Number of protein chains: 2
Amino acid sequence: MSVPRIRRSRSAEHVADTRRALLRAARELFAERGYAATGTEDIVAAAAVTRGALYHHFKDKADLFRAVMAECAQEMAERLVAQETARAETNPGDAWQLLRSGFQSFLDACNDAQFQRIVLIEGPAVLGHSAWDALVEEHGYVLLAEALTEAIREGNVDDLPVGPLTRMLAALISEASLYIARAEDHVRAREEAGLVLERLLIGLGRVPGVSPALVTGQS
Amino acid sequence: MSVPRIRRSRSAEHVADTRRALLRAARELFAERGYAATGTEDIVAAAAVTRGALYHHFKDKADLFRAVMAECAQEMAERLVAQETARAETNPGDAWQLLRSGFQSFLDACNDAQFQRIVLIEGPAVLGHSAWDALVEEHGYVLLAEALTEAIREGNVDDLPVGPLTRMLAALISEASLYIARAEDHVRAREEAGLVLERLLIGLGRVPGVSPALVTGQS
DNA sequence: TCCACTAACATACAGTCTGTATGGAACAGG
DNA sequence: CCTGTTCCATACAGACTGTATGTTAGTGGA
């Protein structure tokens, strides 16, 4: 009936260590060589365990990858939330301002090559669309979608469909972060991408006195 | 010295057939099951040859994939160019108008599930960034970048850095096409994504009498 | 304290897949 | 007619994944 509060008193520590070591090693190797080029033997060697431990803790290699990716996404989300809540305390603003600042923070946070390789590059191919989307939905899209909905409610963003808007904005900043990371001159690329992003976002906002139809409308 | 015009008179036909059969089968299977889940044996079985033929025509499995992806990208580019040149003859316009219409055409053309799976999903993970980017550069980015440069020269798009702009716009319409393809209600998703895209593009254009800084500018 | 029982691994093995080496058939050229 | 090359089939070696089996440590109950 009662779930034991502490699983094995002291042995549980060791078990958790094993799992963490596997995650850590896999994360490093997946990010560096990619999923397919990383053998399970490589992972367990780096984690100083055997393949038995791996297949005890995880269903298969893809399951281990899923755990690694979830960890990456989770950490990135936490980092961004912490960043923005801290900023909002000293400099509060509306949801739309928070969103735009969050986007720029994302571009800065995406020095994280592990995140890019694991979540953005390998993820879609390894997990397939549904599983990948479920993970991103859980860790990233919710935040973005909520902020967008709030910004629309506040009237600073036009009443556009949140579903596609969320996906497309996420793709936009993801690509921007990849562009920055791959550029030779990171500083310059960061500025340029930030500028382009800022300009693209203009179209979403409500500009008092200027009807979007005036610009969008065909002849 | 002189390259023979026809390689084997009649045998060349058969050779080309073999190669085409491999490309066709691989394309079908890669798009359906993904790269990793498709064995070389599956491919040659579908092409009615043996693995020997595969490894005679292609360096390895990844090389075959590269050829398949190049074919997909090439065809998509040709389709779009044909579409837009045809449209431009009856209804000519400036480069900016051509671009926006081209984006919308891309959303329509992306019913092509093979293109999405092979070029957008599997490509980056299988080929790695540099090889993937080289292919897309060759078949897709050049067109987009040229049109953007022209639109900027014509003064309809603000003088933004073309490099990041190209990548980010490509990512935008790619994600939009994926969103449409995965949606339950394709028609509705197509409309919504098109709308969001159109709105995002507004920010790039020059609006006479309205300074972007007026909107972008922070307090 | 002793005994079952299970979690947490280690090891051995079987199946699959890739790439290569080898062989042969057809054809071109001298 | 002989030689070389193209084109392809087959056989084989190596690597890798997942599973089945063994082993040890710890836990709960009598």
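Residue numbers begin at 1 in each chain, while the letters A, B, ... track the order of the sequences. These figures come from a predicted structure and were not determined experimentally.
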Between D:dC8 and B:His57, is there an OP1 or OP2 to side-chain N/O distance shorter than 4.0 Å? yes
Output the rounded distance in Å from CZ (B:Phe65) to C1' (C:dC17). 18 Å
A:His56 side chain near C:dC9 phosphate (N/O to OP1/OP2, under 4.0 Å): no
Starting the side chain at C-beta, find the nucleotide from C:dA10, D:dT17, C:dT20 nearest to B:Tyr55. C:dT20
Separation of A:Lys61 atom NZ from D:dG18 atom P, in whole Å? 8 Å
Out of D:dA9, C:dA10, D:dT19, which has the shortest distance to the side chain of B:Val49? D:dA9
Between C:dT16 atom P and A:Asp60 atom CG, what is the distance in whole Å? 17 Å
State, with a plain yes or no, whether a side-chain heavy atom of B:Leu135 is found less than 4.5 Å away from one of B:Gln74. no
Indicate yes or no for a side-chain donor-acceptor contact from B:Lys61 to the backbone of B:Tyr35 under 3.5 Å, with no hydrogens or angles considered. yes
Is it true that the side chains of A:Thr38 and A:Arg33 contain a donor and an acceptor less than 3.5 Å apart? no
Given B:Arg188, which partner from the list B:Glu191, B:Glu184, B:Glu192, B:His186 fulfils the side chain to side chain donor-acceptor pair (under 3.5 Å) test? B:Glu192
Whole angstroms only, please: what is the CD-C1' distance between B:Glu41 and C:dT20? 15 Å
Rounded interatomic separation in angstrom, taking CZ from A:Arg51 and P from D:dT21: 17 Å
Give a yes/no answer on whether the side chain of B:Thr40 brings an N or O atom under 4.0 Å of OP1 or OP2 in C:dT18. yes
Taking only side-chain N and O atoms of B:Thr18, does any of them lie within less than 4.0 angstrom of OP1 or OP2 on D:dC8? yes
